[in-house]
Amino acid sequence: MRTRRALPSRRAVLGAGVLTTIGCTPTPTQEDPVSSTTRRGSGRVLMAYFSRAGENYYYYGGRRDLEVGNTAVVAETIARFADVDLHEMRAAEPYPHDYDATVQRNTREQDTDARPRISGALPDLSGYDIVLLGSGIWSVHVPMIMRTFVEAVDLSGRTVHPVVTHAVSGIGQAEGDYRELLPGADLGESLVVQGEEVGTAEPQIRAWLRRTGLADG
């Protein structure tokens with residue numbers, strides 16, 4: 001039985017830009033067990049993702065204030081067409097609503113190789129053969145909180161598919177980041193969606209699900 005997390009709006013689409021977090025301890029906190037949530041189904045596939053709402057950057061240089069993060073929109077779309085469980089991770093110290101402030105924080109985190117804390121419990125990966133790792137691309141890399149996550153769980157022996165949203169950088173260095181972090185995992189085909197297009201990306205997402213064997217139709 002899959003428990004559904006209520007999104008503020010399925011139609012609210014946010015842009016994925018360039019971002020990061022402050023240097024913190026690498027271990028997740030257990031203080032707020034509802035801040036990171038897992039929607040459980042019957043599948044052997046988990047999508048663990050981090051998505052930021054608020055002010056986002058777009059490829060033409062504009063800004064949009066988004067209620068639901070781009071990666072969250074992609075995750076919801078994947079869950080409509082494939083039997084996956086969704087686990088949304090959240091930062092113990094939330095990122096600023098302001099885009100520029102988030103960029104500055106991200107820069108500090110990348111420069112210091114920080115591991116931002118995750119709020120809530122980590123998912124139990126037993127029984128999952130395939131894990132989708134979803135996030136935006138921040139300064140051409142995955143956000144540092146994704147490093148916190150993959151270093152705190154055991155993904156060895158599993159197939160891992162990066163799922164990224166972006167403004168202008170495409171997949172950036174995401175595949176290289178995960179190859180470095182996950183030498184014991186099998187890195188599968190990535191899904192890359194531009195932030196402005198997440199609301200109309202269903203055909204692209206469904207084609208990727210078919211190619212990777214995650215969905216039939």
Side-chain angles (χ1 to χ4, degrees), residues 5-9 12-38 47-59 61-76 86-123 133-153 162-169 171-174 177-178 181 193-196 198:
R5 175 181 58 83
L7 287 177
S9 168
V13 177
L14 42 131
V18 189
L19 314 167
T20 19
T21 8
I22 312 170
C24 300
T25 60
T27 52
T29 177
Q30 304 294 322
E31 295 172 0
D32 182 3
V34 299
S35 57
S36 289
T37 59
T38 305
M47 178 163 184
Y49 69 96
F50 171 73
S51 188
R52 176 188 169 274
E55 186 182 45
N56 273 244
Y57 177 87
Y58 281 82
Y59 75 95
R63 307 285 175 90
R64 287 186 67 183
D65 196 11
L66 299 168
E67 191 177 356
V68 179
N70 286 331
T71 306
V73 174
V74 171
E76 290 288 330
L86 297 184
H87 176 84
E88 180 177 6
M89 65 190 82
R90 299 182 185 178
E93 181 179 353
Y95 287 90
H97 177 276
D98 180 77
Y99 173 79
D100 290 328
T102 304
V103 170
Q104 292 168 9
R105 177 173 165 179
N106 179 65
T107 300
R108 293 196 300 271
E109 290 179 346
Q110 288 186 344
D111 288 348
T112 60
D113 197 28
R115 297 295 185 270
R117 287 188 301 124
I118 295 171
S119 178
L122 294 171
L133 294 177
S135 73
I137 295 294
W138 291 3
S139 297
V140 309
H141 292 279
V142 296
M144 299 303 284
I145 196 169
M146 299 303 293
R147 292 178 176 263
T148 305
F149 179 81
V150 300
E151 290 175 357
V153 298
V163 175
V164 302
T165 57
H166 69 97
V168 294
S169 59
I171 195 169
Q173 298 297 317
D177 290 341
Y178 288 132
L181 292 164
V193 183
Q194 190 163 19
E196 293 91 326
V198 296

Inset, instruction - Over all heavy atoms of both residues, which pair between H87 and A121 is shortest? Give the atoms and the distance, please. - result: CE1-O, 3.5 Å
Inset, instruction - Tell me, with the steps shown, if T71 and S135 meet side chain to side chain donor-acceptor pair (under 3.5 Å). - result: CA-CA 6 Å; T71 306; S135 73; 5.9 Å; no
Legend entry - Criterion side chain to side chain contact (heavy atoms under 4.5 Å, CB included) on L122 and M89, from CA distance to verdict: CA-CA 8 Å; L122 294 171; M89 65 190 82; over 6 Å; no
Legend entry - Option passing ring-ring contact (aromatic ring centres under 6.0 Å, His included) with W138 (candidates F50, Y57, Y99): F50
Legend entry - Euclidean distance, H141 NE2 relative to R147 CZ, rounded to 0.5 Å: 7.5 Å
Legend entry - T165 (side chain) donor-acceptor with G195 (main chain) under 3.5 angstrom: no
Inset, instruction - Check step by step if side chain to side chain contact (heavy atoms under 4.5 Å, CB included) holds for T148 and R117. - result: CA-CA 7 Å; T148 305; R117 287 188 301 124; over 6 Å; no
Legend entry - Any donor-acceptor pair under 3.5 Å from E88 side chain to Y49 backbone: no
Inset, instruction - Evaluate the criterion side chain to side chain contact (heavy atoms under 4.5 Å, CB included) for residue pair V198 and E76; output intermediate values, then yes/no. - result: CA-CA 10 Å; V198 296; E76 290 288 330; over 6 Å; no
Inset, instruction - Enter the distance from D177:CG to M144:CE here, rounded to the nearest 0.5 Å. - result: 8.5 Å
Legend entry - Heavy-atom closest contact (S169 atom, I137 atom, distance): OG-CG2, 3.2 Å
Inset, instruction - Taking side chain to side chain donor-acceptor pair (under 3.5 Å) as the test, write out the residues that go with D113, two or more places apart. - result: R115
Inset, instruction - Compare every heavy atom of Q110 with every heavy atom of S139, then report the nearest pair and how far apart it is. - result: CB-OE1, 3.6 Å
Inset, instruction - Rounded to the nearest 0.5 Å, what's the gap from NE2 on H166 to CD1 on I171? Could you check? - result: 9.0 Å
Inset, instruction - Could you walk me through whether H97 and D65 pass side chain to side chain contact (heavy atoms under 4.5 Å, CB included), step by step? - result: CA-CA 9 Å; H97 177 276; D65 196 11; 2.7 Å; yes
Inset, instruction - May I ask you to decide if P96's main-chain N or O and R52's side chain share a donor-acceptor pair within less than 3.5 Å? - result: yes
